[in-house]
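Naming convention: chains lettered A, B, ... in sequence-line order (proteins, then strands); numbering from 1 in each chain. Just so we're clear, the structure is a prediction, and the values are computed from it rather than from any experiment.
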Amino acid sequence: MTVTSLSLGAPPAVGLGEKIWRVNWGLILVLTAIAGVGVLALYSAAGGRFEPWAAKHAIRYGASLVLLLMVAFVHPKVWLSLAWPLYVFSLLLLIAVDVAGKIGMGAQRWLVIGPLQVQPSEIAKVAVILVLARYYHGLTREQAGKFLYTLAPLVVIMAPVALVMVQPDLGTALMVMLGGAALLFVAGVRLWMFLAAAIGAVGCLPIAWTFMHEYQRKRVLTFLDPDRDPLGAGYHITQSKIAIGSGGLFGKGFLKGTQSALNFLPEKQTDFIFTTFVEEWGMVGACVLLALFTLVLVWGFSIALRSQHHFGRLIALGVTAMMFLYVFINTAMVMGLLPVVGVPLPLVSNGGTAMVSVMFACGLMIGVNVYRDAQLPLAR
Amino acid sequence: MIRFRKGDGERASLFTRRSLLLAGGQLTLMSALAGRLYQLQVLDSERFSTMAEENRVNVRLLPPSRGLIFDRTGEPLAINRNNFRAMVTSDRGRGAEMVIDRLDQILNLGEAEKGRLLRELRRSRNFQPSVVRENLGWEEVARLEFNAPDLPGVFIDIGQTRDYPEGELMSHIVGYTGRVSDEDLAGRDDPVLQLATMRFGKKGVERSLEDDLRGRAGAVQVEVNAVGRVVRELDRTDGQAGDNVLLTVDLELQRFAAERLRAAQVNAEHKSGSVVVIDIVTGDILAMVSDPGFDPNVFARGITQAEWREMLDNPERPLNNKAISGVYPPGSTYKMVTALAALESKAIEPGTILPCNGYVELGDIKFHCWLKGGHGGLNVVGGLYNSCDCFFYEAARRTGVDKIAEMANRLGFGQISSLGLPGESAGNQPTRSWKQDKYNIPWQQGDTFNLGIGQGYMTATPLQLAVMTARVANGGYDVQPNLLLAKAAPREELAPPVPTQKPAAPSMRLNPQHVALVREGMNLVVNSPSGTAQQLRYDSTGKMLDPQFRFAGKTGTAQVKRISERERAMGVTEAQLPWHLRSHALFVCFGPVDNPRYACAVIVEHGMAGGATAGPIGRDVLVETMKRDPSRRTGTFRKTASL
């Protein structure tokens, strides 16, 4: 393995003050605003009480913010060297849940370590980004465009996908696949390969269908025709649409949502938190929340474009893609545009691991900005 | 400013291009989300708002309690009994097994019942309760309440079941209720009828007064959660119970009539007959017996297929109210109609004497008088009390079928009465055009002869006979039979009308002298030593009736099968025929003879002789009626407070 440097001379030293200045405080403000929406929605979902969700959510956000800042000040070369170990570790955790995971929601997703419930798939999402960024960091444009050099990234993506599918967790598998694809796209993988993959995926649909669990098939069928069984599998989508639609332009008002308060909404504190929020705050509230998320994406792209090392660019873009997939899949799902797959709304949904992993990822992204002109070895 | 280092430049610019593409794609998709929000929250908002409201607010109807039915003296005939039901709900069977096991310990459900409950609970959504057991006793209710903390989801529900304390006796008058059918719903948009627990009048007064008895539903608006459990009550409108009604029937007289009719048939192969007692001044039906009856409480609790089949197949037709739907040839009881028609149409004069030689010949057919050798010559009064057939053949011939039919219609034949009970028959009052339409053959002289003595095509119901007798007895007033004495909303006073002596109904403008002649003829039927029912001057012990209870009447024996000359010659008598071919026995009467108030019609199906079988029943029922004098027995309304 050759180690070369593409840099011209020594980089300018960056002082602590400059580092703090480079932290995207505006982005952190936006993230805090989103988490604030989460607290409001969870407070309302609990019928106007901080227990059991809202208070914990706020505390968890505070703790995650500290984590974010700590991650942001870690030099990217550390992540460069930690990428593979973290990836292997996350694969091992995934295997562990498959073997000894706790049964939850009909799928094995959590691993209980002492007082902590860890969702290894969340770690895997970040690890895949790191590994792919590191991999393409060491390739030239010509290499990145070659098919042979694309095989390894495919394995990197598909290994956790396969393990997550076994659980089964369709949402996470989809996110890792699409997130990985986005990274491959910006890294320079030829377009014909995406085309071939798309055709291959369509060809594999019938095979995937046979591997699906009954409840997953039902969800897909229900998505295609929610009125098929309005009280059964289609119930969630229908009720969610009723809640969102009845919110109207300005919503029913804080704590005045009837659909979630009266338990018509399933999982109102997790996957359907967007619905709870939108029922009470209307289209105006929904657009504000989506605008906040869009701001996060814009920040992500600008960080990516300003990074002067490829590793950083890819990390920032990977994190941005992950954020986008979270938001899009979740909201499209509760609005009846996608089948119901278990994807939370980041920073808003109740749930510890997702919050931690998203804040960790954002920390990585901010770290890219802090160390945007760092010189990194081209290790492969 | 963005600068790229050497060697990194190429891939960086590719990265930038593709990143911008990706960003554009993401922005497009985010816009799509906003578009979807616009679609849901602006375009379709109204529809979803309605759906949310429907989700949340649930209107539950409160069934009204049904009006009570009493006889004219205030005796209860149909009441509501509280039915304590144990109900259980659970959220799709969660924890149901434990609860059902405990219920089993308290109510001894048994394995089959436990299985049924568990299945129902697992199947049920939205906390739909299942019935554990109906008609709980006080002790069972108390035990369930005592153990309530250990029985989550179990509650006692108070429903109402109709109860008919007199059972079979009043079955044809009061009727019964049943589940609401599609036919019942036609033309009625009362939403309470959609309730599964609602009952609807099917027969008798329960049916004819359905819209009065039903009452108005209350409604309670409740907020429910997704599983249908009530969170709180938003609004409540109290309903109104149905009207309570007093019927014209005198329960004790009804009981007497039913027992008397039953006693008279004690040796008969089948028991089937009817008695109707009517107030000739008001038209009030005082008793209306159709024997046999049925137990309406069987319908209230839910009749089985087998029980229903058995009732339908019974030759005595217990479900059939023979007083209003049984049609019989009236026989000689029709002779009053012929007499009045002949007199009113001037076909005969009060003093006209018509000859009787024992038969009348028409072509080669002989029309016999019941008395072999004949009555010689008789006027109309003599014709009536001797029941001379030849007199009425000739009177009918002179009057003509259509004049007779016209008089018969005025007296109530050939049409459905004002009673309003379901299933009433109009009988058949034949006319020339009726026969032409029905059989496409012209009316014959012989048909007129038969009609004159109430045979042939002529059929009538016992109610029609009673009404005819009443209209003759009251001097020609057009009284209408009725069953409803008074009705009132639950908290209002149930006040019966003031007893009257003079009919409120319009006069039919018959010549009073003619009516008097017919009444005299009926008087002499009973009170002349040569009357056809002279034995009825005496009571069943052979004692002459008290003068205040003397009455007038007319017998009738209606042939079902004609006994031919040959059979007569061979000595075949009625009693040797199978039951269903024997003649019907009829008797109509009114009393007291000097100042009539009550009329009665009796029919004993296949009872052979009117004077011998039906007559004594008529006498005893009429005398009992005069003794009780139910027209004065109104105004009391007992027991309602406690019901």
Inset, instruction - Using the side chain to side chain contact (heavy atoms under 4.5 Å, CB included) rule, take L37(B) and T331(A) through it: C-alpha gap first, then chi angles, then the decisive distance, then the call. - result: CA-CA 10 Å; L37(B) 277 170; T331(A) 51; over 6 Å; no
Inset, instruction - Could you give me the CA-CA distance, side-chain angles and deciding distance for V186(A) and L21(B), then say whether side chain to side chain contact (heavy atoms under 4.5 Å, CB included) is met? - result: CA-CA 9 Å; V186(A) 292; L21(B) 266 177; over 6 Å; no
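For I244(A), the parts sitting under 4.5 Å from any heavy atom of chain B are the backbone and the side chain alike. Looking at L183(A), neither its backbone nor its side chain comes within 4.5 Å of chain B, counting heavy atoms on both sides. In this structure, no portion of V298(A) lies under 4.5 Å from any heavy atom of chain B. R47(B) does not touch chain A: none of its heavy atoms, backbone or side chain, sits under 4.5 Å away. Heavy atoms closer than 4.5 Å to chain B are found in the backbone of A187(A), but not in its side chain. Only the side chain of F301(A) comes within less than 4.5 Å of a heavy atom in chain B; its backbone stays farther off. In this structure, the portion of L297(A) lying under 4.5 Å from any heavy atom of chain B is its side chain and not its backbone.
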Please table the atom pairs, donor to acceptor, closer than 3.5 Å between any side-chain atom in residues 144-153 of chain B and protein atoms at least two apart or in another chain.
{"unit_1": "N147(B)", "atom_1": "ND2", "unit_2": "R143(B)", "atom_2": "O", "d": "2.9"}

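When A332(A), G145(A), G282(A) are compared by the number of non-hydrogen pairs under 4.5 Å with chain B, G282(A) comes out ahead. Of the residues considered (V278(A), L249(A), T140(A)), V278(A) shows the highest number of contacts with chain B, using heavy-atom pairs under 4.5 Å. Chain A forms more heavy-atom pairs under 4.5 Å with one residue of L43(B), L33(B), D44(B) than with any other, namely L33(B).
The two residues Q41(B) and M283(A) make their nearest non-hydrogen contact at OE1-CA, 2.9 Å. When every heavy atom of K241(A) is checked against every heavy atom of L40(B), the shortest pair comes out as CG-CD2, 4.3 Å.
Proximity of S19(B) to L317(A): side-chain heavy atoms (C-beta onward) are separated by under 4.5 Å at one or more points. Under the 4.5 Å side-chain criterion, counting only non-hydrogen atoms from C-beta, R11(B) is not in contact with Y136(A). Two residues are said to be in side-chain contact when any heavy atoms from C-beta on lie closer than 4.5 Å; T320(A) and L22(B) fail this criterion. Side-chain contact between T294(A) and Q26(B) is absent, with no heavy-atom pair separated by less than 4.5 Å. At least one side-chain heavy atom of E10(B) sits less than 4.5 Å from a side-chain heavy atom of E142(A).
Side-chain atoms of R36(B) come within 3.5 Å of backbone N or O of M335(A) as a donor-acceptor pair. The main-chain N or O of S246(A) is never found under 3.5 Å from a side-chain atom of S45(B) such that the two would form a donor-acceptor pair.
The number of heavy-atom neighbours closer than 6.0 Å to CD of E46(B), taken from other residues, nucleotides and ligands shown, is 12 or below. Residue-environment remark: CZ (F84(B)) exceeds the threshold of 12 foreign heavy atoms within 6.0 Å.
Not counting sequence neighbours, the partners of Q240(B) by the side chain to side chain donor-acceptor pair (under 3.5 Å) test are R216(B).
Interatomic distance, S307(A) OG to F15(B) CZ, rounded to the nearest 0.5 Å: 8.0 Å.
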